[in-house]
Protein chains: 2
Amino acid sequence: MASLAEENYLKLIYHLSGSGAEEVSTNALAEQTQTRAASVTDMLRKLADKNLVHYKKYQGVRLTPEGQEVALQVIRRHRLWEVFMVEKLGFRWDEVHPIAEELEHIASAELINRLDAFLDFPVSDPHGDPIPTAAGTMPSPEYEKLCEVTAGQRVTMMGVSEHAASFLQFLSKAGLIPGSIVSVLEINDFDRSMILKINESAPSFVSYEVARNILIKFSV
Amino acid sequence: MASLAEENYLKLIYHLSGSGAEEVSTNALAEQTQTRAASVTDMLRKLADKNLVHYKKYQGVRLTPEGQEVALQVIRRHRLWEVFMVEKLGFRWDEVHPIAEELEHIASAELINRLDAFLDFPVSDPHGDPIPTAAGTMPSPEYEKLCEVTAGQRVTMMGVSEHAASFLQFLSKAGLIPGSIVSVLEINDFDRSMILKINESAPSFVSYEVARNILIKFSV
DNA sequence: ATAAAAATTTAGGCTTGTCTAAATTTTTAT
DNA sequence: ATAAAAATTTAGACAAGCCTAAATTTTTAT
């Protein structure tokens, strides 16, 4: 069994490696875990001993298949609890992350699979992030960034690539939540900002920085 | 903030002291926590330093008001999660205790109060145990033991005073769950065993040992 | 009343996960 | 190519929560 600290490292390595594609550096982990690089080194040795990561001194770290499975289960639990909190308990999407950080470490598979069924087998969390399957695979929907859409097109908002509460609150106010129908009315050449029509309401302005962090799919 | 280990000690002291009525001994705590008496002593000193218990060497321990509040919150969380698992996720009452032992340490008051509302403010858990209020008071319904009922009386099953999974499974099979209507048909003088009619089904036999651990109220 | 037994505490130690300071390796810039 | 900078690891330490063994206090039995 992976400890709470170990689970957090594995999850973080998964995210920082781009879903396991690249090596992650000790310093990158230290920055995100708010610990010192020396502490990270200690933990990486321990994870390597348990066969959860491939680790060679000075060369970064990468998940083993076993480590990836643990990471995906933690992410699955995290995202299912987020769905529960938003759908059933009425939390806003900008409130649930810190609580899910705790709930994600309750390991019972029975609990999680029943929760999954209770929630009707959701495929994504309130931020549009895909929920790993019970079998341990991560669905990978192919979304575009809103900033890549051309003027005149109509798309569906599918998720975000930035999860800061303040960003999410801003989007809620603008009505930009997963499922919203968005038409790009104008794009400003100068700064790539956009004017959008969201769900038939009055036009809204969004900066490039915002558009860059919104995931969309082209409406069928 | 109380750590996970501290919360477990406080909860246990609450239970072993008869809801805070009496002093609890070091050995009693060691037995229940599956640790050594020396470890308990260490923890009691720490809890005393944090003003969560009154502790004098060799004289046992008792909760302070602050300690009792923490204990009641942990118990509240535990019991609300048990209701959730049984009512919403379809778990059986004999399955939920170990999982609730983990969920009870997720501290968010917002989470628990919303869960409480989602469950419609239950007053007792699946075993009939009362759920402490958000304000930190323990309701104390006054139930009798089934073994004290006389032949011919009709009562309502309200809960249990023994929580072993095997006992709960036995009761489920007999249809003896909270809410069941029970008529005492006969009592055997010799061993105080009983013959019961449970919800109009065929008569069942229960030993004194079983009857002693079933809580009832007299039907109105 | 007092010796034996039981309960409890003290002393010293171990593991996990963290830290600081110093040493080492890798990368970058000239 | 090599020196400086950056990244990483090693060494030694600490708090939390547990352990064993030994010492101390309380309780029990005569």
Side-chain angles (χ1 to χ4, degrees), chain A residues 1-14 16-18 22-63 66-67 70-71 74 101-102 104-107, chain B residues 1-14 16-18 22-63 66-67 70-71 74 101-102 104-107:
Chain A
M1 285 295 91
S3 72
L4 188 148
E6 288 167 355
E7 284 191 349
N8 281 334
Y9 272 92
L10 293 171
K11 179 183 57 156
L12 185 59
I13 293 167
Y14 181 88
L16 291 181
S17 68
E22 313 142 35
E23 310 281 323
V24 178
S25 75
T26 300
N27 266 5
L29 289 166
E31 190 183 330
Q32 293 290 316
T33 53
Q34 304 266 52
T35 61
R36 300 308 177 142
S39 309
V40 173
T41 299
D42 287 347
M43 181 57 91
L44 295 185
R45 281 207 324 107
K46 197 196 308 179
L47 292 172
D49 289 347
K50 290 192 173 188
N51 234 297
L52 294 166
V53 299
H54 295 298
Y55 170 59
K56 277 199 194 121
K57 290 204 298 188
Y58 298 103
Q59 319 245 115
V61 72
R62 137 177 311 211
L63 295 175
E66 292 84 350
V70 174
V74 174
E101 288 285 303
E102 299 187 56
E104 73 188 7
H105 300 293
I106 311 281
Chain B
M1 286 295 89
S3 72
L4 187 147
E6 288 166 355
E7 284 190 349
N8 281 334
Y9 272 92
L10 294 170
K11 180 183 56 156
L12 185 58
I13 293 167
Y14 181 87
L16 291 182
S17 68
E22 313 141 34
E23 310 281 323
V24 178
S25 74
T26 300
N27 267 5
L29 290 166
E31 191 184 327
Q32 293 290 316
T33 53
Q34 303 265 53
T35 62
R36 299 308 178 141
S39 308
V40 173
T41 299
D42 287 347
M43 181 56 91
L44 295 185
R45 282 206 326 106
K46 198 197 306 180
L47 292 172
D49 289 348
K50 290 192 172 187
N51 233 297
L52 294 166
V53 298
H54 295 300
Y55 171 59
K56 277 199 192 118
K57 290 203 301 189
Y58 298 103
Q59 322 244 114
V61 70
R62 134 178 312 208
L63 296 174
E66 292 84 350
V70 174
V74 175
E101 289 284 302
E102 299 187 55
E104 73 187 7
H105 300 292
I106 311 283

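Residue numbers start from 1 in every chain, and the chains themselves are labelled A, B, ... in the order their sequence lines are given, proteins ahead of strands.
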What is the distance from [atom1] of [X] to [atom2] of [N], rounded to the nearest Å?
X       : N      : atom1 : atom2 : result
B:Glu23 : D:dT26 : CD    : C1'   : 15 Å
B:Glu31 : C:dA7  : CD    : C1'   : 13 Å
A:Arg45 : D:dA11 : CZ    : P     : 10 Å
A:Leu44 : D:dT9  : CG    : P     : 7 Å
A:Asp42 : D:dG12 : CG    : P     : 14 Å
B:Glu6  : D:dA16 : CD    : P     : 9 Å
B:Met43 : C:dT9  : CE    : C1'   : 16 Å

Practice problem: Mind running a 4.0 Å heavy-atom check of residues 47-61 of chain B against DNA chain C and sending the residues that fall below it, in number order? | Solution: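 The answer is B:Tyr55, B:Lys57, B:Tyr58.
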Output the single nucleotide from [options] whose closest atom is nearest the side chain of [X].
X       : options               : answer
B:Arg36 : C:dC19, C:dT9, D:dT20 : D:dT20
A:Ala37 : D:dT9, C:dT18, D:dT20 : D:dT9
A:Thr35 : C:dC19, C:dT9, C:dT10 : C:dC19
A:Asn27 : D:dT8, C:dA11, C:dC19 : D:dT8

Practice problem: Flag the pair B:Lys56 and B:Glu23 as a salt bridge only when some basic side-chain nitrogen lies within less than 4.0 angstrom of an acidic carboxylate oxygen. | Solution: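 Looking at B:Lys56 and B:Glu23, the cut-off is not met.
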Practice problem: Report yes if at least one side-chain N or O of A:Thr26 is closer than 4.0 Å to OP1 or OP2 of D:dT9; otherwise report no. | Solution: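 Result: yes.
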Spatial distance of atom [atom1] ([X]) from atom [atom2] ([Y]) [nearest 0.5 Å]:
X        : Y        : atom1 : atom2 : value
A:Ser3   : A:Asn8   : OG    : CG    : 8.5 Å
B:Leu10  : B:Lys50  : CG    : NZ    : 9.5 Å
B:Leu4   : B:Glu102 : CG    : CD    : 9.0 Å
B:His54  : B:Gln59  : NE2   : CD    : 13.5 Å
B:Lys57  : B:Thr26  : NZ    : OG1   : 12.0 Å
A:Glu101 : B:Ile106 : CD    : CD1   : 11.0 Å

Quiz item: Which heavy atom of A:Tyr55 sits nearest a heavy atom of A:Gly60, and at what distance?
Solution: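 In this case the closest contact between A:Tyr55 and A:Gly60 is CD1-O, 3.7 Å.
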Practice problem: For A:Ser39, report the nucleic acid contact type (base, sugar-phosphate, nothing); a contact means any heavy atom under 4.0 Å. | Solution: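 Base: the residue A:Ser39, judged by heavy atoms under 4.0 Å, touches a nucleobase.
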Quiz item: With a non-hydrogen cut-off below 4.0 angstrom, is B:Thr41 in contact with a base, only sugar-phosphate, or nothing?
Solution: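 Answer is base: heavy atoms of B:Thr41 come under 4.0 Å of a base.
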Which atom pairs, one a donor and one an acceptor, fall under 3.5 Å between side chains of residues 32-41 of chain B and the rest of the protein, sequence neighbours left out?
unit_1, atom_1, unit_2, atom_2, d
B:Thr33, OG1, B:Leu29, O, 2.8
B:Thr33, OG1, B:Ala30, O, 3.4
B:Thr33, OG1, B:Thr35, OG1, 2.7
B:Thr41, OG1, B:Ala37, O, 3.2

Quiz item: Dot-bracket for DNA chain D, 5' to 3', with Watson-Crick and G-U pairs under 3.5 Å, [ ] for crossing pairs and | for other-strand pairs: what is it?
Solution: ||||||||||||||||||||||||||||||
